[in-house]
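Below is one structure, written out as structure tokens; comments come after it.
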Amino acid sequence: TLALQDILKTIDYPAVDKLLEKIQQADKVIFIGYTTTLELARNMQTAFIASNKLTNVPETEELQKQAIKQADENSVILVLSSYGSILNSHVELITKISNCPAYSILITQHTQNLITNLFDQVLNVTSTNYVQIGNYPLEFFCDYLVRRYASLNEKRK
């Protein structure tokens, strides 16, 4: 319960709504993730489709690089990383994201990242690391994100 309370206090709700507005207006939305966060990205893709928003979840690093190369200023790239390991293990990919004209955002539950300035926006979903509960805080936040998008999308109709 401590982690859930932390998530609810840490989420920057106005920043989330601004991000969802960017996603709604974007021509392309690309999710980048690995292993568990790739699965999370697939689930988010399904939820966004239910709200009539197509997204791209490239499943291999080669497909990710290709999607990033095709991204433009009307694109949004969301990088999902539970503990920030993607920042160290896939430096070339992160550099490509940083250098492309798309709006880039890192969504993570890891609170001590050092190179987060490579992104246009960083959303930390917790104020401290909860290693003992795995990536549940990120899953919880992403579930909130897609449900909030659906809610805002309904209001736009």
Side-chain angles (χ1 to χ4, degrees), residues 1-13 15-17 19-20 22-24 26 28-51 53-71 75-98 100 102-151:
T1 56
L2 229 104
L4 286 176
Q5 290 170 350
D6 185 18
I7 297 166
L8 296 174
K9 282 192 303 191
T10 302
I11 293 174
D12 183 342
Y13 296 97
V16 168
D17 283 357
L19 171 61
L20 292 175
K22 282 188 182 299
I23 289 171
Q24 201 272 329
K28 291 180 188 170
V29 177
I30 303 162
F31 290 108
I32 304 292
Y34 287 93
T35 59
T36 57
T37 56
L38 182 60
E39 188 63 35
L40 187 56
R42 286 187 205 110
N43 293 340
M44 291 175 71
Q45 181 181 44
T46 302
F48 274 108
I49 288 171
S51 292
K53 184 64 181 181
L54 291 179
T55 61
N56 183 8
V57 180
E59 303 216 6
T60 66
E61 191 165 345
E62 199 52 48
L63 290 173
Q64 290 172 344
K65 287 178 183 174
Q66 190 176 357
I68 293 162
K69 189 175 183 181
Q70 294 170 353
S75 304
V76 174
I77 300 174
L78 289 97
V79 177
L80 304 174
S81 182
S82 299
Y83 297 108
S85 58
I86 190 173
L87 301 175
N88 300 321
S89 60
H90 295 86
V91 175
E92 181 189 350
L93 188 70
I94 298 303
T95 303
K96 286 184 186 307
I97 292 169
S98 179
C100 90
Y103 187 81
S104 63
I105 178 163
L106 172 66
I107 301 175
T108 184
Q109 65 187 40
H110 185 69
T111 59
Q112 287 108 19
N113 291 321
L114 300 175
I115 57 170
T116 55
N117 62 329
L118 295 174
F119 297 90
D120 295 309
Q121 183 180 2
V122 176
L123 281 178
N124 285 315
V125 301
T126 55
S127 66
T128 188
N129 295 334
Y130 295 95
V131 179
Q132 67 278 12
I133 61 171
N135 71 338
Y136 180 73
L138 189 61
E139 289 177 30
F140 182 86
F141 174 80
C142 290
D143 188 50
Y144 165 76
L145 191 74
V146 297
R147 290 172 189 269
R148 179 68 177 154
Y149 183 85
S151 171

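The side-chain contact (heavy atoms from CB on, under 4.5 Å) search around Ser51 returns Tyr149, Ala150, Asn153, not counting sequence neighbours. Partners of Ala50 under the side-chain contact (heavy atoms from CB on, under 4.5 Å) rule, at least two apart in sequence or in another chain, do not exist in this structure. Here Tyr103 pairs with nothing under the ring pair (Phe, Tyr, Trp, His ring centres under 6.0 Å) rule; sequence neighbours left out. Qualifying side chain to side chain donor-acceptor pair (under 3.5 Å) partners for Thr55, counting only residues two or more places apart in sequence or in other chains: none. Residues meeting the side chain to side chain donor-acceptor pair (under 3.5 Å) test with Glu39, sequence neighbours left out: Arg42. Looking at residues two or more places apart in sequence or on another chain, you find a side-chain contact (heavy atoms from CB on, under 4.5 Å) between Lys65 and Glu61, Glu92, Leu93, Lys96. Remark: Asn56 engages Ile30, Pro58, Ala67 in a side-chain contact (heavy atoms from CB on, under 4.5 Å) (not counting sequence neighbours).
For the pair Thr10 and Asn124, the tightest heavy-atom approach, listed with the atom from each and the gap, is CG2-O, 3.4 Å. Among all heavy-atom pairs drawn from Val76 and Ala26, the shortest one is CG2-CB, 3.7 Å. Taking both residues in full, the closest heavy atoms of Val125 and Ile107 are given as CG1-CG2, 4.1 Å, listed atom of the first, atom of the second, then distance. Pairing each heavy atom of Thr108 with each of Ser81, the nearest pair is OG1-O, 2.6 Å.
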Let's go through Phe119 and Val79 carefully: what are the C-alpha distance in whole Å and the side-chain angles of both, what is the deciding distance for side chain to side chain contact (heavy atoms under 4.5 Å, CB included) to 0.1 Å, and is it a yes or a no?
CA-CA 9 Å; Phe119 297 90; Val79 177; 3.7 Å; yes
Are Gln70 and Lys28 close enough, and set up right, to give a side chain to side chain contact (heavy atoms under 4.5 Å, CB included), and what steps lead you there?
CA-CA 9 Å; Gln70 294 170 353; Lys28 291 180 188 170; 3.7 Å; yes
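In this structure the side chain of Ile86 never reaches within 4.5 angstrom of the side chain of Thr37, judged on heavy atoms.
Atoms CE and CZ, from Met44 and Phe31 in turn, are 4.0 Å apart once rounded to the nearest 0.5 Å. The line from CG of Leu20 to NZ of Lys53 is 11.0 Å long, rounded to the nearest 0.5 Å. Atoms CD1 and CD1, on Ile7 and Ile11 in that order, are 6.5 Å from each other to the nearest 0.5 Å. Atoms OG1 and CG, from Thr46 and Asn43 in turn, are 6.0 Å apart once rounded to the nearest 0.5 Å. The distance from atom CD1 of Ile49 to atom CG of Leu54, rounded to the nearest 0.5 Å, is 6.0 Å. Rounding to the nearest 0.5 angstrom, the gap separating the OH atom in Tyr34 from the OG1 atom in Thr60 is 8.5 Å.
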Do any side-chain atoms of residues 134-146 form donor-acceptor pairs under 3.5 angstrom with protein atoms, and if so which ones, sequence neighbours left out?
residue : atom : partner : partner atom : Å
Asp143  : OD1  : Arg147  : NE           : 3.0
Asp143  : OD2  : Arg147  : NE           : 2.9

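Checked options Ile68, Leu118, Ile77, Asp120; the residue passing with Ser98 is Leu118 (criterion: side chain to side chain contact (heavy atoms under 4.5 Å, CB included)).
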